[in-house]
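Below is one structure; the comments refer to it alone.
The figures that follow rest on heavy atoms only: side chains count, while hydrogens, waters and symmetry mates do not. Chain letters run A, B, ... following the sequence lines, proteins first and then strands; every chain starts at 1.
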Amino acid sequence: MAEFLQFAFSGLTVGAVYALVAIGFTLIYNASDVVNFAQGEFVMIGGMATVFIMAAGVPMPLAAGGAIVIAVAVGLLLHRLAIEPARGADAVTLIIITIGASIFLRSAASIVFDKQFHTLPPFTGETPIVIGGAAILPQSLWVLGGGVVIVTILWAFLTHTILGKAILATAANRLAAKLVGINTSYVVGLSFAVSAAIGAIAGILVSPVTLTRYDVGTLLALKGFAAAMVGGMGSPIGAIVGGLLIGLLEAFGAGYISSDYKDAIAFLVILAVLFFMPTGLFGRASVERV
Amino acid sequence: MGRLFNHPLAAPALIALIVIACGFGLGSNFYLRVAALVWISALAAIGLNLLMGFAGQVSLGHAGFFGIGAYAVAVGPNVLPVSPLLALVLGIALAAVIAYLVGRPILKLKGHYLAVATLGFGILVYMVLSNESGLTGGPDGMPVSRATLFGWRLKGVDTWYWITGGVLVVGAWVAVNLVRSPTGRALRALHDSEVAARVVGVDVARYKLVAFVVSAVYTALAGGLLALFNGFITPDVAGFMHSIEFVVMVVLGGMGSIVGSLVGAAILIALPQALSAFQEYEHLALGLILMVFMIFLRKGIVPSLVALAGRGR
Amino acid sequence: MTKFQRLARLAAVSAASLALGLTAVSAADPIKIGSVLAVTGPASFLGDPEDKTLKMYVDKINEEGGVLGRPLELIVYDSGGDANKARTFATRLIEDDEVVAIVGGATTGTTMAMVPLVEDAEIPFISLGGAVVIIDPVKEWVFKTPHTDRMACQKIFEDMKANGYTKIGMISGTGGFGKSMRQQCLDVIGDYGIEVVADETYGPSDADMTPQLTKIKNADGVQAVVNPGFGQGPAIVTRNYRQLGIEVPLYQSHGVASKSFIELAGDSANGVRLPAAALLVADKLPDNDPQKAVVVDYKTMYEDQTGEDVSTFGGHAYDGLMILVEAIKKAGSDDPAAIRDAIEATTGFVGTGGEVNMSADDHLGLDVSAFKMLEIQDGDWTIVGGN
Amino acid sequence: MTALSVRDIGISFGGVKAVDSVSFDVEEGSIFSIIGPNGAGKTTLFNLISGVYLPKAGTVSLFGEDVTGVAPNRLVARGLSRTFQNLQIFFRMTVAENVMVGRHLKEARGIVPHLLSLPSVVRQNRDSRTEAIRLLDRIGLAGRADDLAANLPYGELKRLEIARALATEPKILLLDEPAAGCNPKETEDIERLIEAIAADGVTVVLVEHDMRLVMRISNRLHVLDYGKTLASGTAEDVRTNPEVIKAYLGTHGAEEAARARR
């Protein structure tokens with residue numbers, strides 16, 4: 001039992017990060033149909049910028065705030081300079097643009113920051129908390145708690161503010177949203193900003209546990225994309241469930257089956273899910289209209 | 001001019017001309033090697049283009065097939081009494097069989113879901129190649145024995161330049177044949193409208209599978225050629241980033257354009273060489289170039305330029 | 001190339017330079033040496049310090065008048081850790097840049113991809129890759145400076161044996177370094193009467209290893225754990241190790257031999273043991289240690305110029321470059337064959353990795369004694385045991 | 001002989017019965033029209049007949065054989081083809097190639113000869129093209145054979161879909177609003193085309209909103225409303241059916257109908 005709990009803690013911590021990346025994917029996808037492969041770079045910017053602002057002598061909360069501002073600025077620039085000019089291009093063309101952006105941002109980070117691994121001090125110490133014989137780091141609780149808070153705020157934002165409702169409306173039907181006077185370009189930009197902020201916060205929360213470097217975004221984008229898909233592209237609930245699912249599969253796969261093939265196990269389960277549910281766990285099944 | 005452009009042999013002939021011109025024009029072994037790598041990547045890109053550009057099905061796991069072809073050549077002669085060239089043939093057959101078995105279930109998926117399923121396939125192949133170090137040498141890679149043809153040992157950059165260039169020309173020719181055949185028309189049809197293709201008799205599931213298997217064969221062949229050419233292979237060839245590179249080659253050059261695949265491959269292979277002078281700014285430039293090309297030539301380089309030229313006339 | 005051919009070529013080269021007169025090789029004509037390093041990508045923490053070291057020292061040598069009165073010209077290409085790219089760049093160095101020797105190939109995979117090329121082209125190649133396969137079996141034109149992973153295993157097992165451990169757990173990275181070292185450790189472990197009772201792995205970019213460590217913790221009778229691997233993995237393993245409250249000693253490998261490991265692992269690093277070169281403990285070496293001067297010089301210079309903590313990886317590049325420079329001086333020419341022979345004849349060279357004594361059947365020239373067993377205490381390295 | 005027989009067919013989406021227990025027979029060689037207001041389930045009915053949707057209830061028979069749930073591509077071999085209300089053109093292909101795809105089942109489909117472009121394939125391509133040009137000529141588009149389909153205007157694309165369907169050499173052809181969005185001249189062309197197709201012995205099932213066209217050319221009509229059968233019979237029967245006038249034609253239609261009777 002202690003073993004099971006230990007695996008579960010591991011899976012939830014890692015899965016929470018995947019889930020936050022997947023939510024970023026989902027937000028942007030819903031607003032603009034763009035699959036943003038530079039999503040992982042927001043996480044990287046969150047962690048790395050905090051590290052380097054702190055190194056300049058700024059206290060952590062301020063540094064974290066600065067990092068989020070930087071990530072949001074990058075997100076807005078990405079939208080303004082790369083996505084907006086290519087409006088109306090094929091989905092795959094847009095994907096390649098975001099891949100280009102991801103390569104660019106990664107390289108820029110290696111120049112602006114450096115190529116070393118970095119860590120952040122844990123928010124509240126390093127003494128593990130033992131629950132049912134399993135040890136969990138306080139920082140993992142921050143990651144999980146932070147994830148819950150972000151999702152709650154996001155939910156409140158989307159359902160209780162005009163701006164949020166504009167995002168939801170654009171997601172549901174872009175043309176209709178435009179017709180009722182929503183500036184959809186503004187909404188897409190907003191979704192990039194929010195996604196960037198979520199990514200950066202995730203990066204700050206998780207860097208004390210998982211470390212960070214200029215190139216951590218690649219893998220996160222890959223896992224976050226898989227999480228968003230298995231959950232059902234476009235579904236925020238799906239993104240959360242998908243992320244946690246992949247995290248847990250990796251942990252239990254490593255714990256109970258084979259650490260060599262834990263990623264493979266996760267992907268086999270994803271393939272199996274898609275085989276039975278071709279639009280993911282929470283995806284909308286579409287009827288072919290002709 | 002227009003008619004010349006549309007001739008079935010236009011693309012393979014153009015590619016043949018390029019291969020021959022470069023073969024005599026490029027003096028040093030280094031340039032020949034880079035060119036040979038371009039031919040190999042272009043072959044894989046043409047294969048993926050048949051799937052993506054013509055049949056409209058995305059794959060983010062094609063490096064998996066590349067890896068299967070490459071490692072078949074490397075591992076084959078160690079475990080079976082076969083020569084490297086025979087191992088290449090077996091590897092291609094293996095890739096075809098795997099593509100058939102994998103493609104049947106996953107090609108039911110559409111769009112991004114297909115993308116993630118193929119991505120998963122690629123990662124599975126990579127993990128096997130990387131983890132089964134007893135057979136594959138693990139992440140540090142393994143040597144590949146030299147191939148012999150009629151007692152003639154195939155080594156040297158210029159030899160492989162002509163081999164890979166020749167295979168590319170044949171590959172381009174076969175691809176054009178396919179595109180212009182009933183099969184090709186069925187593939188292009190289902191790309192635009194699956195339901196319309198079905199009501200004129202196209203078995204959509206079968207043709208998606210055909211495209212998947214054919215493109216796997218191209219990619220595996222390319223992988224095998226790289227292994228034989230390099231004499232050493234690491235699992236990176238099957239990695240996620242390599243799959244992404246193939247997709248970028250296809251989209252950058254132009255989906256549905258055979259010549260475009262060559263252009264895309266040439267850019268992705270040669271650009272890092274050209275940019276090496278920029279040292280640490282190399283990837284910065286690479287990312288930027290990728291974005292700029294896709295923003296301004298969003299249909300891909302070759303189709304966009306052809307359209308521009310057409311408008312100019 | 002047979003000895004005779006080489007002699008003939010040497011003669012031809014000499015004759016040619018005589019015929020052209022000595023003016024042909026003017027003082028300004030640089031000696032070109034090449035390098036292919038993983039300056040970016042997952043192995044960049046190897047390639048990056050190596051790149052900086054090479055550039056720094058080539059500049060220094062040139063300021064001091066160069067080699068044989070000629071400046072060195074260093075050409076570095078970034079492979080990103082990709083074997084195929086490394087091979088292309090090696091071709092470029094050999095064919096296009098016409099270098100006389102290559103130092104580099106930060107990883108074993110990239111090195112092995114370059115080996116057939118340098119063998120064909122007959123260019124001496126000093127690799128900075130870790131695994132023993134690079135020099136075992138011996139390849140005529142290939143040398144290396146880092147200690148082998150097998151030696152690291154031996155050093156660790158010696159220490160374990162001395163402490164009476166017979167049952168250990170192993171958690172290794174699945175990257176090239178971890179995978180190769182795991183295999184080497186399993187190959188030599190029998191010699192020390194030690195048995196692996198739990199054998200786990202983790203991926204190169206994994207962020208949490210508690211599941212694997214939980215299994216090791218729950219395995220019967222584990223007395224110590226060894227972690228072959230490099231990058232961020234060992235730092236996370238070390239933290240997870242303390243998080244789970246595992247009490248038995250943890251051994252890391254020479255792959256984490258830089259100060260950044262201690263920074264990343266934080267307090268958890270205390271008590272961790274690892275085999276490493278003297279460079280890490282430069283200040284703590286006794287003054288009579290033959291390596292003292294070399295390692296202190298290198299450490300000071302690297303840290304002054306880059307503002308980063310010194311790592312043994314950069315040290316490998318230093319050793320490679322210096323062995324090459326010595327060999328060029330000894331050969332008295334920039335003829336690749338002559339340089340190769342001079343490298344093979346390297347004896348008594350004291351570098352950051354230890355004293356190097358090469359021979360026709362040893363293209364590394366280091367033995368286990370070049371390693372020191374270190375323990376991390378209060379966030380710093382200390383030397384343990386009788387070495 | 002009965003070409004198409006539909007019995008008690010039905011399907012529902014999210015609880016709404018889009019088509020509910022509809023039955024009718026279509027005589028071979030006749031023109032049979034299905035009419036009804038928007039959302040009456042006409043296109044859904046077509047999708048059920050052509051195998052695009054799987055019916056929840058009922059059966060479909062072609063020439064006396066049960067084909068319920070048979071995939072669309074297999075129905076082609078049994079002589080059924082169709083067009084679409086929303087254009088389903090292969091936009092990235094040329095006009096001629098669009099029609100050539102219609103020849104798919106008439107062509108040898110072995111993949112290896114295709115890859116090698118064997119002489120048999122070259123010959124076959126030529127034959128398919130000749131046939132395609134012949135059909136394009138019939139719809140007045142032979143001159144645009146080598147243009148990209150995407151460059152054609154809407155009305156011509158509507159006709160192109162018919163040519164593509166004809167290329168399968170159907171015995172029964174389902175046309176879904178072939179005259180929608182066409183100007184009077186184009187509508188007239190389409191009317192003549194449909195009559196010519198029927199004259200060749202092909203059974204035509206038509207969904208169309210242009211009542212003049214429908215009334216003029218249909219042998220029989222079937223009226224749907226809210227997925228259910230409202231009326232069935234000849235043009236005259238339907239025209240005079242008070243249910244139809246009330247539910248479907250509405251006030252405006254009723255006046256028109258009255259005028260027509262006078």
Taking all non-hydrogen atoms of both residues into account, name the closest pair between [X] and [Y] and its distance.
{"X": "A:T210", "Y": "C:I236", "result": "O-CD1, 3.6 Å"}
{"X": "C:E263", "Y": "A:T119", "result": "O-CG2, 3.9 Å"}
{"X": "C:L264", "Y": "A:F117", "result": "CD1-CB, 3.4 Å"}
{"X": "C:E200", "Y": "A:A254", "result": "OE1-O, 4.1 Å"}
{"X": "C:K215", "Y": "A:G255", "result": "CD-O, 2.9 Å"}
{"X": "A:R213", "Y": "C:G41", "result": "NH2-O, 3.7 Å"}

Engaged part of [X] at the chain C interface, taking heavy atoms whose separation is under 4.5 Å:
{"X": "A:D215", "answer": "side chain"}
{"X": "A:E126", "answer": "side chain"}
{"X": "A:P121", "answer": "neither"}
{"X": "A:L219", "answer": "side chain"}
{"X": "A:Y214", "answer": "side chain"}
{"X": "A:S110", "answer": "neither"}

**Request:** Would you please say whether a donor-acceptor pair under 3.5 Å links the side chains of A:E3 and C:T214?
**Result:** no

**Complete:** d(A:D114 CG, C:E308 CD) to nearest 0.5 Å is 6.5 Å

**Message:** Any non-hydrogen side-chain atom of C:D206 less than 4.5 Å from a side-chain atom of A:E250?
**Reply:** no

**Request:** Please step through side-chain contact (heavy atoms from CB on, under 4.5 Å) for the pair A:Q6 and C:L213, ending with a clear verdict.
**Result:** CA-CA 10 Å; A:Q6 190 68 56; C:L213 287 170; over 6 Å; no

Mark yes when over 12 heavy atoms from residues, nucleotides or ligands other than [X] sit less than 6.0 Å from its [atom1]; otherwise mark no.
{"X": "C:D220", "atom1": "CG", "answer": "no"}
{"X": "C:N218", "atom1": "CG", "answer": "yes"}
{"X": "C:W381", "atom1": "CH2", "answer": "yes"}
{"X": "A:F4", "atom1": "CZ", "answer": "no"}

Look at [options] and state which one has the largest set of heavy-atom pairs under 4.5 Å with chain C.
{"options": "A:G247, A:A135, A:G253, A:S107", "answer": "A:A135"}
{"options": "A:G11, A:P128, A:A2", "answer": "A:P128"}
{"options": "A:V206, A:T13, A:L211", "answer": "A:L211"}
{"options": "A:D263, A:D260, A:V14", "answer": "A:D260"}
{"options": "A:L137, A:V17, A:I136, A:T127", "answer": "A:L137"}

**Prompt:** Where does C:S205 contact chain A at under 4.5 Å (heavy atoms): side chain, backbone, both or neither?
**Reply:** both

**Message:** Less than 4.5 Å to any heavy atom of chain A: does that hold for the side chain of C:S268, its backbone, both, or neither?
**Reply:** side chain

**Asked** Most heavy-atom pairs under 4.5 angstrom with chain A, which of C:I171, C:N240, C:D267, C:L244?
**Response** C:L244

**Asked** Who among C:T201, C:D208, C:T40 has the most heavy-atom pairs with chain A under 4.5 Å?
**Response** C:T201

**Audit row: C:Q243, A:Q139, side-chain contact (heavy atoms from CB on, under 4.5 Å) steps and yes/no** = CA-CA 11 Å; C:Q243 173 191 345; A:Q139 190 65 30; over 6 Å; no

**Asked** What's the verdict on side-chain contact (heavy atoms from CB on, under 4.5 Å) for A:V216 and C:Q232, showing C-alpha distance, side-chain angles and the deciding distance?
**Response** CA-CA 11 Å; A:V216 293; C:Q232 93 286 22; over 6 Å; no

**Prompt:** Taking it one step at a time, do C:D309 and A:Q116 satisfy side-chain contact (heavy atoms from CB on, under 4.5 Å)?
**Reply:** CA-CA 11 Å; C:D309 285 318; A:Q116 308 296 317; over 6 Å; no

